[in-house]
Each structure stands twice: as C-alpha cells, then as structure tokens.
Amino acid sequence: MSASSSAENAALAKKIVGILKRRFGEIPWWPGDTDEVMIGAILTQQTRWENVEQALRLLKERNLCSLSALCAADLPDIESAIRCTGFYRIKARRLKVLAAFVTDTCGGVSVMDTIPTEELREGLLGVNGIGEETADSILCYGFARPSFVIDSYTERLARCGGITTHRSGLKPLFESILAEDPHVYHQTHAHIVEYAKEWCTKKRCKGCRIMALNG
DNA sequence: GACCAGGTCCTTG
DNA sequence: CAAGGACATGGT
C-alpha cells in the first residue's frame with residue numbers, strides 16, 4: 001500500500017527516520033570547517049564522495065582548501081587539483097564564483113553566519129552553480145542551519161518507503177517531522193544516504209527492506 | 001564496454 | 001514549463 005495523504009506520507013517518513021536511527025546510530029558525516037564544506041558541496045555534484053575526498057586532500061596539500069585561497073588561485077591550478085571529481089572545468093569555475101560571493105559579496109563567513117537562514121539560502125541560490133541541494137548542504141553542514149538536504153538518495157528511499165510526495169515536496173515533509181535541531185538534520189540525512197546507497201538503485205528498489213526492518 | 005555517481009545550467013519544443 | 005544535452009573522471 002502507498003500513502004496518498006500528506007498525513008500518511010509524514011507518518012511513513014517518521015517511521016523510516018526512526019528505523020534508520022536504530023539501525024545506524026550516531027555516524028560521522030561531512031567533517032571539516034565551513035570553507036571545506038562549501039568546497040566539498042560543489043565537488044560532490046554528480047560525483048562519488050571518495051573522489052571528493054581525494055580532491056580535498058590535493059587542495060590541502062597545495063594550500064588551496066579555503067575560499068580565500070581559491071579567490072587568489074589560478075583556474076588551471078584549481079582544475080588540476082579537482083580533476084578526479086569529474087566536470088572539473090565547470091566545478092573550478094563554480095568554486096571561483098562561490099569564493100568571490102563569500103568574500104566579496106558577503107564579506108566573509110563570519111558575516112554570513114549572522115544572516116537569517118532563508119535570506120542566506122536565497123543568496124546562495126543566486127550563485128551560478130549552486131542549486132537547492134548544494135545550498136542546503138552548505139546551510140546544514142557548513143552553517144549548522146536546520147535546512148534539510150534532499151538528494152537523489154533521499155528521493156529514492158522515499159519512493160522505496162512508499163512515500164508518494166514528489167521531490168519538490170520532500171524538503172518541507174522531512175522538516176515537518178524532524179526536531180528543528182541541526183544535529184538531527186545531519187544525522188537523518190546521513191542515515192538516509194548510507195541506507196539508500198546500498199539498497200536503492202536508480203530506477204527501482206533493489207531488495208530494499210526499509211519498511212520490514214521493524215516498525 | 002556499458003552504466004552510473006550525494007547536480008546544475010542552458011537550450012529547445 | 002518539460003525534456004534533452006553538456007559537463008568529465010573514476011569505479012563496478
């Protein structure tokens with residue numbers, strides 16, 4: 001059976017969140033300072049996280065793992081460090097644009113930290129190369145704001161779990177059933193990705209037993 | 001060799 | 001506004 005009302009979708013989402021929390025407990029996710037989170041958020045677009053880690057290592061080795069360093073760096077140097085993440089030319093440009101936005105437009109991370117979440121989100125979305133997922137990743141993991149991240153894995157798991165809400169409705173759905181606590185948002189999204197990476201393939205559920213893991 | 005990966009932007013119909 | 005293509009390396 002599948003949910004048809006928003007109340008049923010919310011109940012399903014709550015149940016799934018609880019199941020995943022019991023299954024995974026506390027897990028580490030996206031460590032690093034705000035600059036590193038923002039850089040990683042761009043690099044992970046359509047890319048495996050393991051490749052992003054490699055690129056972050058190279059950036060650190062070359063003293064390029066900060067937005068101020070990226071502002072001053074030459075494009076080819078950035079490209080060479082992040083090549084392993086794919087789409088490296090466009091991502092290098094996006095890093096430059098983001099770095100300029102943070103340092104020049106905003107006046108630095110400490111200033112951004114004082115901006116209300118919705119306003120900050122709109123600002124980020126106005127940056128070329130930053131869409132909803134990247135913006136919410138930056139807000140959630142970089143600025144500890146309760147802005148839930150919806151990625152392809154969240155979408156897959158929701159489908160596997162029988163949630164009928166379409167992608168655009170998932171963010172408000174999850175935010176409505178979670179405590180407004182950045183740590184809860186971090187862990188919940190981490191749990192979803194950990195589970196869906198293994199069990200929910202692109203088009204169909206591959207033996208996903210999310211609703212059978214006890215309810 | 002085919003297919004996919006923690007998206008986003010731009011161009012068409 | 002939906003659909004399609006471009007961006008690109010690396011792993012299974």
Side-chain angles (χ1 to χ4, degrees), chain A residues 16-17 20 24 27-32 34 36-59 62 75-102 121-143 145 147-161 163 166-171 173-175 178 182 185-208 210:
Chain A
I16 290 170
V17 166
L20 293 176
F24 291 111
I27 60 179
W29 200 257
W30 217 322
T34 301
E36 186 174 336
V37 168
M38 288 194 269
I39 293 167
I42 295 288
L43 296 182
T44 198
Q45 292 172 352
Q46 193 65 25
T47 302
R48 298 176 201 282
W49 182 252
E50 298 72 50
N51 294 333
V52 174
E53 289 181 312
Q54 170 65 19
L56 288 173
R57 277 195 294 274
L58 287 175
L59 287 170
R62 302 171 189 186
L75 215 39
D77 291 333
I78 301 174
E79 291 176 350
S80 112
I82 69 173
R83 199 178 330 123
C84 62
T85 68
F87 302 133
Y88 63 90
R89 280 187 279 252
I90 194 169
K91 284 178 180 174
R93 275 184 264 125
R94 287 175 179 176
L95 286 174
K96 274 287 204 185
V97 171
L98 172 60
F101 172 76
V102 172
R121 187 169 193 269
E122 289 310 308
L124 288 167
L125 288 175
V127 176
N128 187 287
I130 297 187
E132 296 209 342
E133 182 185 336
T134 306
D136 288 330
S137 293
I138 290 172
L139 289 168
C140 188
Y141 294 104
F143 289 90
R145 306 298 180 89
S147 194
F148 198 71
V149 179
I150 303 299
D151 53 23
S152 64
Y153 287 140
T154 314
E155 196 175 10
R156 293 178 201 182
L157 180 58
R159 187 190 59 232
C160 287
I163 294 173
H166 47 289
R167 181 168 181 140
S168 65
L170 289 176
K171 178 177 163 67
L173 173 65
F174 277 96
E175 292 183 347
L178 293 174
Y185 278 45
H186 291 180
Q187 288 296 307
T188 302
H189 176 248
H191 293 158
I192 289 172
V193 174
E194 274 308 290
Y195 187 86
K197 259 203 304 204
E198 181 167 5
W199 295 107
C200 308
T201 55
K202 188 167 186 188
K203 268 310 172 190
R204 298 211 174 174
C205 235
K206 183 88 187 236
C208 172
I210 184 63

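Per chain, numbering begins at 1; letters A, B, ... match sequence-line order.
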Which is true for A/I130 with a 4.0 Å heavy-atom rule: it touches a base, it touches only sugar-phosphate, or it touches nothing?
sugar-phosphate
Check whether any side-chain N or O of A/R167 sits under 4.0 Å from OP1 or OP2 of B/dG7, and answer yes or no.
no
d(CG, A/N128; P, B/dT8) in whole Å:
11 Å
Which nucleotide in the set C/dT9, B/dA5, B/dC10 lies at the smallest distance from any side-chain heavy atom of A/R156?
B/dA5
Please state the P separation for the pair C/dG10 and B/dT8 - nearest whole angstrom.
22 Å
Side-chain heavy atoms of A/R121 within contact of A/D136, under 4.5 Å:
yes
note: A/I82, atom CD1; C/dC7, atom P; distance rounded to Å ~ 16 Å
Most 5' of A/V127 and A/V149 on DNA chain B, judged by nearest nucleotide
A/V149
Rounded interatomic separation in angstrom, taking CZ from A/R93 and P from C/dA8:
7 Å
From the list A/K197, A/H191, A/E198, side-chain contact (heavy atoms from CB on, under 4.5 Å) with A/E194 holds only for A/K197
At a cut-off of 3.5 Å, list every protein nitrogen or oxygen paired with a nitrogen or oxygen from nucleotides 10-12 of chain C, distance to 0.1 Å.
from   : atom 1 : to    : atom 2 : distance (Å)
C/dG10 : N2     : A/R48 : NH2    : 3.3

Would you call A/E79 and A/K91 a salt bridge, taking side-chain N to carboxylate O under 4.0 Å as the test?
no
Whole-Å gap separating C1' (B/dA5) and CD (A/Q54)
17 Å
Taking 4.0 Å as the cut-off, does a side-chain nitrogen or oxygen of A/S152 come that near to OP1 or OP2 on B/dG7?
yes
Under 4.0 Å between any heavy atoms, over every strand shown, what does A/R89 touch: base, sugar-phosphate, or nothing? Just pick one.
sugar-phosphate
State, without any angle test, whether A/T154 and A/D151 hold a side-chain donor-acceptor pair at a distance under 3.5 Å.
yes
Pick base, sugar-phosphate or nothing for A/E132, based on heavy-atom distances below 4.0 Å to the nucleic acid.
sugar-phosphate
Rounded interatomic separation in angstrom, taking CZ from A/F87 and C1' from B/dC10
14 Å
Is the number of heavy atoms from other residues, nucleotides or ligands under 6.0 Å of A/R145 CZ greater than 12?
yes
Please determine, for C/dC1, whether a Watson-Crick or G-U wobble partner exists with both distances under 3.5 Å, and give it or none.
B/dG13
Any A/I130 side-chain heavy atom under 4.5 Å of A/I138 side chain:
yes
Send over the distance from A/D151 CG to B/dT8 C1', rounded to a whole Å.
15 Å
Can you say whether the rings of A/H189 and A/F148 are parallel (under 30°), tilted (30 to 60°) or perpendicular (over 60°)?
perpendicular
Looking only at the side chains, is there a donor atom on one of A/S80 and A/R62 sitting less than 3.5 Å from an acceptor on the other?
yes
On the nucleotide B/dG7, are OP1 or OP2 found under 4.0 Å from the side-chain N or O atoms that A/Q46 carries?
yes
In whole Å, what is the span from the CD atom of A/E50 to the C1' atom of C/dT9?
14 Å
Taken to the nearest whole Å, CD/A/E155 to P/B/dT8 is 12 Å
Suppose you measure atom P in B/dC4 against the same atom in C/dG5; what distance do you get, rounded to whole Å?
15 Å
